[in-house]
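Here's the structure, in C-alpha cells; my notes come after.
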Amino acid sequence: MFSTSRLNNTTTGQVYNEVITKERRGDYLGATVQVVPHITDEITRRMTALGNTGRYDVIITEIGGTVGDIESLPFLEAMRQLLFKFGKNNAINVHLTLVPFYPIIG
C-alpha cells in the first residue's frame with residue numbers, strides 16, 4: 001500500500017506563491033527575485049523533499065505541459081540542475097511525448 005502527502009504534488013502556483021511570500025517576508029534581503037535561481041531553487045527543493053525524508057530509494061518526478069511552452073522552462077532547468085548536482089549515475093532523465101495517430105488520416 002502506498003500513501004501520498006502534500007509533498008507528492010507541486011503546482012506552478014504553489015512555487016510562485018512560496019517565492020512571493022519569501023520575497024515579501026524579506027528572505028531575499030531586498031535582492032531582485034529572478035526565475036534563476038529563486039524559482040528553480042524552490043522547484044528543486046520541492047522535487048527533493050520526499051527524498052530528504054529518508055523513506056524512499058527512488059523518487060519519480062513528472063514535469064507536465066507542452067514541449068516549448070515557456071511556463072515549463074523553470075521546471076526543466078530545475079531538473080537539469082538536479083542532474084548536475086546528483087550526477088548522471090544517480091539520476092535518470094526521460095523525455096516522453098504523445099504522438100497521436102488518427103486512423104482516418106493514415
Open item on the list: Testing the basics here: between I43 and A78, what is the closest heavy-atom pair and its distance to 0.1 Å?
Closed with: CG2-CB, 3.5 Å
Open item on the list: Does Y56, at its OH atom, have more than 12 non-hydrogen atoms belonging to other residues, nucleotides or ligands within less than 6.0 Å?
Closed with: yes
TODO: Mind checking the CD1-OG1 spacing from I39 to T44? Nearest 0.5 Å is all I need.
DONE: 11.0 Å
Open item on the list: If the condition is side chain to side chain donor-acceptor pair (under 3.5 Å), which residues does K22 pass it with, not counting sequence neighbours?
Closed with: E42
Open item on the list: If you compare all heavy atoms of I59 against all heavy atoms of G51, which two are closest, and at what distance to 0.1 Å?
Closed with: CD1-N, 3.8 Å
Task: Summary of side chain to side chain donor-acceptor pair (under 3.5 Å) pairs that have at least one residue in residues 79-90, sequence neighbours excluded - done: E77-R80, E77-Q81
Task: Remaining members of the apolar cluster that contains V58, side-chain heavy atoms under 4.5 Å - done: I60
Open item on the list: Is there a continuous path of hydrophobic side-chain contacts, each under 4.5 Å between heavy atoms, that joins V19 to L76?
Closed with: yes
Open item on the list: I'd like to check the side chain to side chain donor-acceptor pair (under 3.5 Å) partners of E18; sequence neighbours left out, ordered by chain and number.
Closed with: none
- [ ] Group every Ile, Leu, Val, Met, Phe, Trp and Tyr by side-chain heavy-atom contacts under 4.5 Å, then state whether L83 and L50 land in the same group.
- [x] no
Open item on the list: Running the 4.5 Å side-chain criterion over Ile, Leu, Val, Met, Phe, Trp and Tyr, what cluster does F101 land in, apart from itself?
Closed with: none
Task: side-chain contact (heavy atoms from CB on, under 4.5 Å) against T21, all qualifying residues, sequence neighbours excluded - done: N17, R25
TODO: Quick one: which residue pairs count as a ring pair (Phe, Tyr, Trp, His ring centres under 6.0 Å) with a foot in residues 20-44, not counting sequence neighbours?
DONE: Y28-H38
TODO: Could you list the residues that satisfy side-chain contact (heavy atoms from CB on, under 4.5 Å) with T11, not counting sequence neighbours?
DONE: N9, Q14
Task: F75 reachable from I70 in the ILVMFWY side-chain graph, under 4.5 Å edges - done: yes
Open item on the list: Between I20 and V15, is there shared hydrophobic-cluster membership here, with clusters defined by ILVMFWY side-chain heavy atoms closer than 4.5 Å?
Closed with: no
TODO: Each residue besides I104 in its hydrophobic cluster should be listed here, by chain and number; the cluster joins Ile, Leu, Val, Met, Phe, Trp and Tyr at side-chain heavy-atom distances under 4.5 Å.
DONE: Y102, I105
Task: Any L82 side-chain heavy atom under 4.5 Å of M47 side chain - done: yes
Open item on the list: Run the ring-ring contact (aromatic ring centres under 6.0 Å, His included) test against F86 and tell me which residues pass, sequence neighbours left out.
Closed with: none
Task: Hydrophobic cluster identity match, I63 and L73, side-chain contacts under 4.5 Å - done: yes
TODO: Report the C-alpha separation of M79 and N93 in whole Å, then their side-chain angles, then the decisive distance to 0.1 Å, and conclude whether the side-chain contact (heavy atoms from CB on, under 4.5 Å) test is met.
DONE: CA-CA 8 Å; M79 179 50 77; N93 191 2; 4.2 Å; yes
- [ ] Grab the two heavy atoms, one from T40 and one from P74, that are nearest each other, plus how far apart they are.
- [x] CG2-O, 3.6 Å
Task: Counterpart residues, side-chain contact (heavy atoms from CB on, under 4.5 Å), relative to R55 (two or more places apart) - done: S3, T53
